[in-house]
Amino acid sequence: MRFLIVALCLLVGALISSSVHAQAVAPRYSEVRVTLAERSGLRALAERVPGLDHVDVQKEGSGFVAVTVLSEHDLAGLAASGFAYEVTVPDLAAAYAARPPATEGERAAGLAASRVDGFGYGSMGGYYTFDEVLAKLDEMAADYPDLITERVSIGQSWEGRDLWMVKISDNPDVDEDEPEVLYTALHHAREPQSMATVLYTMFYLLENYGTDPEVTYLVDHRELYFVPVLNPDGYVFNETTDPNGGGFWRKNRRDNGGNSFGVDPNRNYGYEWGRDENGSSSAPSSETYRGPGPFSEPETQAIRDFAESREIRAVFNYHSYSNLLLHPWGYEAGVYTPDQDVFAAISADMTRINGYEYGQAADVLYAVNGDSDDWYYGEQETKPKAFSWTPEVGRRSTDGFWPDQDRIIPLAEENRVANLTLAWFAGAYPQVQAFEIVETHGAPNGHLDPGEPAAVSLTLHNLGLEGLADARARIVSTNPALPVEAGAFSAPFSLDSQESVEIEGLAFTLGFGAQLGIQDGLAVEIELDGTTLIRSLGRVAIGTPVAVFEDDASETEAWDTGTGWGLASANTSPPTSFADSPSGSYPNNVMNALTPITRWVVKRHSSIS
Ligand code: 0X9
Ligand code: CA
Ligand code: ZN
Ligand code: CA
């Protein structure tokens with residue numbers, strides 16, 4: 001009994017001390033520019049300053065500069081390293097606090113970009129607090145009980161907060177035989193846009209089920225799991241120190257002793273954990289402290305146990321910022337998974353709307369060990385292999401960790417298609433790879449005319465992880481200015497994962513009412529598992545095209561070449577191409593235009609007049 005009381009006292013003591021620390025002042029974070037002679041100097045820098053994360057290397061003068069955010073501790077490490085550096089923002093939280101508050105106009109402008117109703121502004125600089133996130137999850141469950149579960153705790157944080165998971169699917173409370181997908185956010189406490197991006201897409205799925213065929217298909221045929229706050233202690237710590245947003249705490253809140261706190265959850269996963277000091281740190285005060293052992297943290301244990309209890313095939317671990325989409329391996333540059341081609345093809349498709357740079361994480365950003373993606377992909381014994389990515393949401397210089405309020409919704413919206421694409425990828429995912437329109441009546445004249453019968457030859461590629469069977473395709477139009485008498489369905493076809501199929505002779509007739517010019521709206525309708533999906537064929541020309549401008553880029557005489565434009569012949573389409581800097585690199589921050597000297601020369605044959 002005495003033992004129990006002692007244990008209880010210890011527990012109470014621990015709780016009191018942790019709440020005392022929660023009120024403690026947050027450490028100071030600075031923006032720092034480190035001078036590098038070569039771009040490759042980043043590796044040496046990362047070895048000398050193990051807390052380095054989120055580095056952006058820019059060209060400057062004849063060398064390079066690495067822009068990064070450092071805590072006081074890691075800044076001291078940099079000072080001792082011998083690298084030349086400059087502190088550009090001494091106190092980032094103070095700089096954030098000094099920003100003028102968002103105006104009603106800015107908030108309205110953000111909302112105007114929204115394609116959902118349920119997602120709006122929270123009370124922390126526009127971001128939802130931890131409790132507000134939970135209220136949103138409860139609101140979803142109350143409004144869409146047939147599509148989303150109540151929140152389920154998958155474990156507790158270091159300080160004892162629940163880690164909440166919800167699932168979106170048809171029959172959400174039943175474990176059905178459907179491909180499983182996982183979305184997480186807020187591994188890092190100072191990256192609230194990660195959580196905003198995930199909640200926004202959840203509302204998009206819930207609100208458009210039953211009306212949007214694509215959303216309906218995905219909700220019916222996938223099981224989509226969401227853990228929007230993976231590091232609640234760090235997030236609540238930021239709420240406490242900076243209630244209006246702008247808190248820079250990154251790690252969880254483990255008490256490391258010696259007045260040092262926190263493990264970087266994204267260095268604590270068990271695959272290649274602690275491989276070297278280049279991708280994580282053994283120093284507890286470092287921002288990238290990997291913890292005392294693999295999966296030492298209750299937060300990573302909880303998500304590990306959850307993932308091992310399921311058959312998750314595809315994962316997005318949302319972070320911010322840098323407009324990137326990163327995939328394994330992350331532990332070493334130049335080392336690729338056997339699925340590199342799959343990662344590359346689907347990453348290109350995922351980024352088709354937001355244009356994020358994608359690629360192997362250590363090549364594109366920097367090497368890290370013990371990150372989430374390497375474990376989801378690399379651990380294939382205790383659970384199936386899962387394709388896992390880290391999207392880094394937001395622009396480098398202008399958005400940062402706490403984007404302005406009018407950026408929250410646009411940044412979430414620009415990742416909606418990527419989120420849906422991840423869900424597609426986990427099962428069958430037919431996409432149009434190429435197509436050709438063939439005139440089928442009379443003498444072909446190279447273009448479609450109103451009233452003309454034609455046929456499409458189509459190459460469909462299955463970018464998804466599962467095959468499909470008994471699908472059918474036909475040509476339709478989604479544009480009244482491009483009326484199409486829908487053709488007959490093709491014969492049923494099947495398509496293995498990562499394979500292509502050619503479907504020839506998809507006949508259709510262009511209506512006589514078709515308007516001349518470049519028209520959008522020609523599309524393929526694919527019937528799959530009883531659902532009808534539309535895939536656009538992009539824009540087609542109707543009627544005789546009129547060339548208004550033509551230049552084969554073989555000379556620059558008709559052009560004002562500004563400072564430096566010229567012709568290049570290496571790696572271009574023949575004969576030559578216009579190039580902004582035909583011989584080498586151009587300086588930073590230079591606006592250089594190529595402008596036609598004569599505006600429009602309209603030539604007319606005298607016989608017309
Ligand atoms: O350093 C991280 O954990 C992530 N960047 S962040 O600025 N959000 O902290 C990137 C991890 C991606 N993985 C690798 N680069 N290996
Ligand atoms: Ca289901
Ligand atoms: Zn992060
Ligand atoms: Ca024709």
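Read the numbers this way: they start at 1 and go in the same order the structure lists the ligands and their atoms.
Taking the six-membered ring for Trp and thresholds of 30 and 60 degrees, Y331 and Y271 have ring planes inclined between 30 and 60 degrees apart.
Within the protein, the N, O or S atoms lying under 2.8 Å from the Zn ion (ligand 3) are H188 ND1, E191 OE1, E191 OE2, H319 ND1.
When only modelled atom types and interatomic distance are considered, S169 and E223 share no side-chain donor-acceptor pair under 3.5 Å. Under the 3.5 Å distance criterion, with hydrogens and angles disregarded, no donor-acceptor pair is assigned to the side chains of N415 and T197. Using modelled atom types and a 3.5 Å distance limit, the side chains of Y289 and H73 yield no donor-acceptor pair. Remark: the N369 side chain and the S280 side chain contain an N/O donor-acceptor pair separated by less than 3.5 Å. Side-chain polar atoms of Y96 and D242 form no donor-acceptor pair below 3.5 angstrom. In the model, D264 has a side-chain atom that pairs as donor or acceptor with a side-chain atom of H188 under 3.5 Å. Defined by atom type and a distance below 3.5 Å, a donor-acceptor pair is present between the side-chain atoms of Y204 and R416.
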Please tabulate, line by line, the atom pairs linking an N/O of ligand 1 to a protein N/O at a distance below 3.5 Å, with the distance in Å to 0.1, or answer 'none'.
unit_1	atom_1	unit_2	atom_2	d
ligand 1	1 (O)	R267	NH2	2.8
ligand 1	1 (O)	Y366	OH	2.7
ligand 1	3 (O)	N266	ND2	2.9
ligand 1	3 (O)	R267	NH1	2.9
ligand 1	5 (N)	Y366	OH	3.4
ligand 1	5 (N)	E392	OE2	2.7
ligand 1	7 (O)	H54	ND1	2.2
ligand 1	8 (N)	E191	OE1	3.2
ligand 1	8 (N)	E191	OE2	2.9
ligand 1	8 (N)	H319	ND1	3.2
ligand 1	8 (N)	S320	O	3.3
ligand 1	8 (N)	E392	OE1	3.2
ligand 1	8 (N)	E392	OE2	3.4
ligand 1	9 (O)	H188	ND1	3.2
ligand 1	9 (O)	R250	NH1	2.6
ligand 1	9 (O)	R250	NH2	3.4
ligand 1	13 (N)	D371	OD2	2.8
ligand 1	15 (N)	Y366	O	2.8
ligand 1	16 (N)	G330	O	3.1

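Just one of T532, T531, D529 meets the side chain to side chain donor-acceptor pair (under 3.5 Å) condition when paired with Y217; it is D529. A salt bridge (Lys or Arg N to Asp or Glu O under 4.0 Å) with E180 holds for exactly one of R313, R310, R222, K167; it is R310.
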Taking distance alone, no hydrogens or angles, what donor-acceptor pairs closer than 3.5 Å link side-chain atoms of residues 403-411 to residues at least two apart or in another chain?
unit_1	atom_1	unit_2	atom_2	d
D404	OD1	R99	NH1	2.6
Q405	OE1	R107	NH1	2.7
R407	NE	D399	OD1	2.9
R407	NH2	D399	OD2	2.8

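Of all protein N, O or S atoms, those under 3.0 Å from the Ca ion (ligand 2) number 5.
Contact check on R250 versus D53 returns a salt bridge, with a Lys/Arg side-chain nitrogen under 4.0 Å from an Asp/Glu carboxylate oxygen.
With F261 as the aromatic partner, R253 meets the cation-pi criteria of under 6.0 angstrom to the ring centre and within 45 degrees of the ring axis.
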